[in-house]
Amino acid sequence: MPAPAPLVPPTVDVPHLHDAVLGWFAVHARDLPWRSPDCSPWGVLVSEIMLQQTPVVRVLPRWREWLERWPTPADLAVAPTADVLTAWDRLGYPRRALRLQEAARAVVERHDGRVPADPAALRALPGIGEYTAAAVASFAFGIPETVVDTNVRRVIARAVAGEALPGRSLTRAEMRRAQALMPEDPVRANAWNAAVMELGALVCTARSPACDRCPLAETCAWVAAGSPPPAEVSRGQAWAGTDRQVRGAVMAAVREHGRVAEAEVPAVVVAGGWLGSHRPEDAQWARCVAGLVSDGLLARDADGGLTFPA
DNA sequence: AATACGGGGGG
DNA sequence: CCCCCAGTATT
């Protein structure tokens, strides 16, 4: 069998990669509040949960409100869940708000109210996966875990592997490659985590990368290959008419009205204009409402009304 | 490995 | 109107 391809091709000058990206970051890093030295580990954790699948610009105002209202895990732990879901507003994937409150309660119970620094302890908290555990450890505590998000995957895919875009899911090989690229020095490693992510967010973007502003343009394997387009066109997530859209519309209605009689859900949601021209069948309404209740995102009261859970 | 899970802003 | 965004949990 053939020898496995090296994690990092010999043509890649890793020290140069580090210097170029860290130098660029020192000049171009955004001034985000969760990057402030004054930001608590809790503030970092909240930001990371909110940033899962949600752009920075949309998170910023919500994050400020949350940190002002619930400045510690203990504060969020005792908040009414209805308040938590209302404050989540339209950030999307509201189960994240539920998991965040559960994580706050777990921090109170298991860690005396302080966000743990240990990656394994972080990973054990509700809603925290491999990425978020590594991000909180690195950004909040200076523990040089390897942080791999969609931005990091894309930058490495292009600059090192010469591919236009990373695959569907993070592979073991990708993870090992990312680990092999980490600077030895812990301080530089933590900066590298943030810097590669920032480069992917601001320059090496998915749709139209700004290679003319990229510190790696001279050495990028993808550019060297002639910037070939992605092999397969990724099919976007279906939206119109899906349960996801209907669930979102029901949540929006309850957020707006506080309570919606279950029998009136279709009328209220349609009147609110949250579905465009789509009109779900009864079976879909029932399925979505039942799912939201089952997920703990909605509660039924004694009079057949739907509210956010207390 | 594939899916479910929100919502919105920019090309 | 399509595509993508600091992912996670489940199957």
Side-chain angles (χ1 to χ4, degrees), chain A residues 29-30 32-35 43-63 85 88-100 102-103 122-140 145-155 165-175 178 193-202 204-210 229-230 232-255 274-277 287-288 291-292 294-297:
Chain A
R30 287 170 293 182
L32 301 172
W34 44 83
R35 286 186 182 151
V44 173
L45 194 162
V46 172
S47 80
E48 291 299 342
I49 299 293
M50 289 184 169
L51 286 163
Q52 290 168 1
Q53 298 287 282
T54 307
V56 167
V57 286
R58 217 145 39 99
V59 164
L60 233 19
R62 297 276 142 249
W63 182 86
L85 287 171
W88 191 256
D89 197 42
R90 299 191 225 170
L91 279 182
Y93 295 140
R95 57 173 56 171
R96 288 183 294 165
L98 253 30
R99 297 295 94 79
L100 181 50
E102 291 165 9
L122 287 163
R123 180 68 182 78
L125 297 173
I128 296 194
E130 180 159 26
Y131 161 78
T132 304
V136 173
S138 177
F139 301 149
E145 290 291 294
T146 303
V147 175
V148 181
D149 76 330
T150 187
N151 291 304
V152 174
R153 294 185 66 208
R154 188 172 54 251
V155 171
L165 291 174
R168 278 266 213 136
S169 52
L170 177 64
T171 64
R172 202 66 69 79
E174 255 183 297
M175 195 66 204
N193 280 333
V196 180
M197 207 178 300
E198 191 78 333
L199 186 63
L202 298 182
C204 192
T205 58
R207 194 83 70 90
S208 50
E232 43 185 308
V233 201
S234 69
R235 196 173 313 254
Q237 313 177 53
W239 176 242
T242 60
D243 284 8
R244 297 247 296 286
Q245 188 191 26
V246 174
R247 286 168 56 108
V250 174
M251 289 293 285
V254 174
R255 202 161 46 231
W274 286 293
L275 287 174
S277 57
R287 181 172 67 246
C288 288
L292 289 167
S294 168
D295 289 345
L297 289 166

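The chains referred to below are lettered A, B, ... by the order of the sequence lines, with proteins before strands, and numbering in each begins at 1. This one's a predicted model, so the numbers in the text were calculated from it and none came from an experiment.
The side chain to side chain contact (heavy atoms under 4.5 Å, CB included) test applied to A/R244 returns A/Y93, A/Q237, A/W239, A/T242, not counting sequence neighbours. Applying the salt bridge (Lys or Arg N to Asp or Glu O under 4.0 Å) criterion to A/R30, with sequence neighbours excluded, gives A/E198. Remark: A/L51 pairs with A/W34, A/S47, A/V56, A/V59 by the side chain to side chain contact (heavy atoms under 4.5 Å, CB included) rule, at least two apart or across chains. By the side chain to side chain contact (heavy atoms under 4.5 Å, CB included) test, A/R90 pairs with A/R255, sequence neighbours left out. When the side chain to side chain contact (heavy atoms under 4.5 Å, CB included) test is applied to A/T150, the partners found at least two apart in sequence or on another chain are A/R154. With sequence neighbours left out, the salt bridge (Lys or Arg N to Asp or Glu O under 4.0 Å) criterion links A/E145 to no other residue. Evaluation of the salt bridge (Lys or Arg N to Asp or Glu O under 4.0 Å) rule for A/R62 yields A/E65, A/D89 as partners, not counting sequence neighbours. Taking the salt bridge (Lys or Arg N to Asp or Glu O under 4.0 Å) definition, one finds that A/R99 meets it with A/E102, sequence neighbours left out.
The separation of C/dT8 from B/dG8, taken at their P atoms, amounts to 23 Å, rounded to a whole angstrom. When the C1' atom is compared between B/dG6 and C/dC5, the two are found 12 Å apart, to the nearest whole Å. When the C1' atom is used for both B/dC5 and C/dC4, the distance is 16 Å, rounded to whole Å.
The distance from atom CD of A/E48 to atom P of C/dC5 is 15 Å, rounded to the nearest whole Å. As rounded to whole Å, 11 Å separates atom P of C/dT8 from atom CG of A/L45. Between the CG atom of A/L51 and the P atom of C/dG7 there is a distance of 8 Å, given to the nearest Å. The distance from atom CG of A/L60 to atom C1' of C/dA6 is 13 Å, rounded to the nearest whole Å. Rounded to an integer number of Å, the gap from A/R99 CZ to C/dA9 C1' is 9 Å. One atom, CG of A/L100, and another, P of C/dT8, lie 13 Å apart when rounded to the nearest Å. Atom CZ in A/R30 sits about 12 Å away from atom P in C/dC5, given to the nearest Å.
Taken to the nearest 0.5 Å, the CZ atom of A/F139 stands 11.0 Å off from the CG atom of A/L32.
Residue contacts for A/R35: at a heavy-atom cut-off of 4.0 Å it reaches a base atom on one of the strands shown. Using a 4.0 Å heavy-atom distance criterion, A/V152 is classed as making no nucleic acid contact. Within the nucleic acid shown, A/A206 comes within 4.0 Å of sugar-phosphate atoms alone, with no base atom in reach, counting heavy atoms only. Across all strands, A/W34 comes closer than 4.0 Å to base atoms (heavy-atom distances).
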Worksheet item: Could you run down nucleotides 1-11 of chain B 5' to 3' and tag each one B, S or - for protein heavy-atom contact under 4.0 Å?
Response: S-B-BBBS-B-
Which donor-acceptor pairs under 3.5 Å do side chains of residues 130-137 of chain A form with protein atoms, sequence neighbours excluded?
residue: A/Y131; atom: OH; partner: A/E48; partner atom: OE1; Å: 2.8
residue: A/T132; atom: OG1; partner: A/Q52; partner atom: NE2; Å: 3.0

Item to complete: Test side-chain contact (heavy atoms from CB on, under 4.5 Å) on A/V250 and A/L292 and set out the steps.
Response: CA-CA 9 Å; A/V250 174; A/L292 289 167; 3.9 Å; yes
Discussion item. Working note: A/L85 + A/L98, criterion side-chain contact (heavy atoms from CB on, under 4.5 Å); need CA distance, chi angles, decisive distance, verdict.
Written reply: CA-CA 7 Å; A/L85 287 171; A/L98 253 30; 3.9 Å; yes
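Nucleotides of DNA chain C nearest to A/G127 and A/Y131 differ in position, and the one nearer the 5' end is that of A/Y131.
Secondary structure note: stems in DNA chain B built from 3 or more consecutive Watson-Crick or G-U wobble pairs under 3.5 Å occupy B:1-5 with C:7-11, B:7-11 with C:1-5.
Within residues 193-200 of chain A, no residue has any heavy atom under 4.0 Å from DNA chain B.
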